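Since the structure is predicted, the reported quantities are computational estimates derived from the model, not experimental observations. Order of the sequence lines sets the chain letters (A, B, ...), proteins ahead of strands, with each chain counted from 1. Atom set for the values below is all heavy atoms of this structure, side chains included, hydrogens, waters and symmetry mates excluded.
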Number of protein chains: 2
Amino acid sequence: MTRAGRNGRDQLPAVRSRGVPEATIARLPLYHRALVALDDRGATTVSSEELAVAAGVNSAKLRKDLSYLGSYGTRGVGYDVNYLVYQISRELGLTQDWPVVIVGVGNLGHALANYQGFASRGFRIAALVDAAPELTGESVGGLCVHPLADLERIVADAGVCIGVVATPAGAAQEVCDRLVAAGVGSVLNFAAVPLRVPVGVDVRRVDLASELQILAFHQQRKQIEAGREAAV
Amino acid sequence: MTRAGRNGRDQLPAVRSRGVPEATIARLPLYHRALVALDDRGATTVSSEELAVAAGVNSAKLRKDLSYLGSYGTRGVGYDVNYLVYQISRELGLTQDWPVVIVGVGNLGHALANYQGFASRGFRIAALVDAAPELTGESVGGLCVHPLADLERIVADAGVCIGVVATPAGAAQEVCDRLVAAGVGSVLNFAAVPLRVPVGVDVRRVDLASELQILAFHQQRKQIEAGREAAV
DNA sequence: AAGTGTGAATTGATTCACAGCC
DNA sequence: GGCTGTGAATCAATTCACACTT
């Protein structure tokens, strides 16, 4: 766990979040989503086993995870869906509005600007920002693109504390520095470089090519394995 | 670690890949990228400390990780950049060509089709597939969109073994089932549901909204903390 | 009878610290 | 003298298994 880097597995923490383990935190969004889906289907109660299946984890882990938040279940019965949704929402900060700024309106920035999954979870795109003058004023996903020079003003005016870096690798660190200087405390990094940030600022990296490479690694192993068996 | 699910930290493994720990595998792409960048800048040798900084990890972890692959460094000197790039490439299966099929050509599918980072790392988009008839024949990122009915044929003809699911949540499981039935052994899942797959098939999930939620969790903690201090 | 909550055991990952080699 | 490679120590996450509650 580093303040700035990491992989499918070791990102963040800067403030050791009360007692909730990092691995548990990373699964809470999963549980939240599964619960919302169950609620939509009219379920009022779930057992740890049912919820675990819906979230794609095993039930022991789920119960352990939930136990870090409190004792929200009823023995012999299960969990009240609505109550648990509420508790997890509160824990995740979903009950508040999070204005987000997206820097870099290339392919990915475009997709993010149009992505519906953000709005439905309390994330509001406060502004899109791009360095390219020809994009300034363009409308993307219903939002107008602002010049990079406006970054600081936007962060201050909208009270942005989460920034998304979707720029080319070469621009990422500078953009990140400016975001942090302007007061942003959390950065989601799609660029292919690790971002250096001061202690207290959190960064998560999402690296699409890395994800494919990890799959390729396992795939290759499987094929070697299959070849070996065929040879025997 | 489940065959199908995951957390900020626990995805995959199906074939316990020789001796290399999962956490190490997930960092290899990071090292690979940092090395390529160093090579571009003309470096011929790196110490574990330099490479660690470039990759955003600490040097002890880096050395331990590399030691799982073999003893590729020279004591007192460091690592030969080219040689190490080669060894990691080989380990990751980067020396071979990986045809990939992308199912779902919405916002995200578009961005993925245009994403340059794939091609440069041995991943070739063999085809784009979408269920919407009005997209069939359209050209996206220089590739023509095929109807969903062609999925099995495409996988077979192009020898696809990695599939990318970028469909709405409701369609994801069915698409995944068809991919797996057609012979795909690794799936990258951008949909907001866990995919159930048979043992031996690997799935990695990338969930953009979850990443923001994890950041929001930490951000909220920081703000509560800051409020508490201000009150004292 | 059913199912949560949790200590204890286990497994896995990270960090330390230094012997060994260049 | 500098830096890798790695056992040993530590720390974190997962799983087990069962006491306890409804």
Nearest to side-chain heavy atoms of A60(B), which nucleotide of dG20(C), dT6(C), dC16(C): dC16(C)
Whole-Å distance separating the CG atom of L69(B) from the C1' atom of dT4(D): 14 Å
Between dG5(D) (C1') and L62(B) (CG): distance, integer Å: 12 Å
Proximity to DNA chain C (any heavy atom under 4.0 Å), residues of residues 37-52 of chain A only: S47(A), S48(A)
Residue pairs fulfilling salt bridge (Lys or Arg N to Asp or Glu O under 4.0 Å) with at least one residue in residues 93-103 of chain B, sequence neighbours excluded: D97(B)-R124(B)
Euclidean distance, atom OH of residue Y83(A) to atom C1' of dT4(C) [Å, nearest integer]: 15 Å
Which residue lies more 5' along DNA chain D, comparing D65(A) with T74(A) via nearest heavy atoms: D65(A)
Nearest-nucleotide pick for K64(A), side chain only, options being dT15(D), dT4(C), dA13(D): dT15(D)
Base dT4(D) to side chain R75(B), donor-acceptor N/O within 3.5 Å cut-off: yes
Short side-chain N/O contact from R27(B) to OP1 or OP2 of dT14(C), under 4.0 Å: yes
Out of dG5(C), dT4(D), dT14(D), whichever nucleotide has its closest atom nearest the side chain of S71(A): dG5(C)
Listed partners of Y72(A) passing ring pair (Phe, Tyr, Trp, His ring centres under 6.0 Å), at least two apart: Y83(A)
Residue closer to the 5' end of DNA chain D, G76(A) versus R63(A) (nearest nucleotide): R63(A)
side-chain N/O N58(A) vs dT14(D) OP1/OP2, d < 4.0 Å: no
Nearest-angstrom distance from the residue atom CD of E22(B) to C1' of dT11(C): 15 Å
Y68(B) vs dT14(C): side-chain N/O to OP1/OP2 distance below 4.0 Å: no
Nearest heavy atoms of K222(B) and V201(A), plus distance in Å: NZ-CA, 4.0 Å
Polar side chain donor-acceptor pair, Q87(B) to H32(B), under 3.5 angstrom: no
Distance in angstrom units between L66(A) CG and dT14(D) P, rounded: 13 Å
Heavy-atom pair with the smallest gap, counting every atom of A166(A) and L112(A): CB-CD1, 4.4 Å
Whole-Å distance separating the CG atom of L84(B) from the C1' atom of dT4(D): 12 Å
Nucleotide nearest Y79(B) when distance is taken to its side chain, options dT4(D), dA13(D), dA13(C): dT4(D)
Length of the NZ-C1' vector between K61(B) and dA17(C), whole Å: 18 Å
Side chain proximity check, L212(B) to L208(B), heavy atoms < 4.5 angstrom: no
V160(A) versus A126(A), closest heavy-atom pair with distance: CG2-CB, 4.0 Å
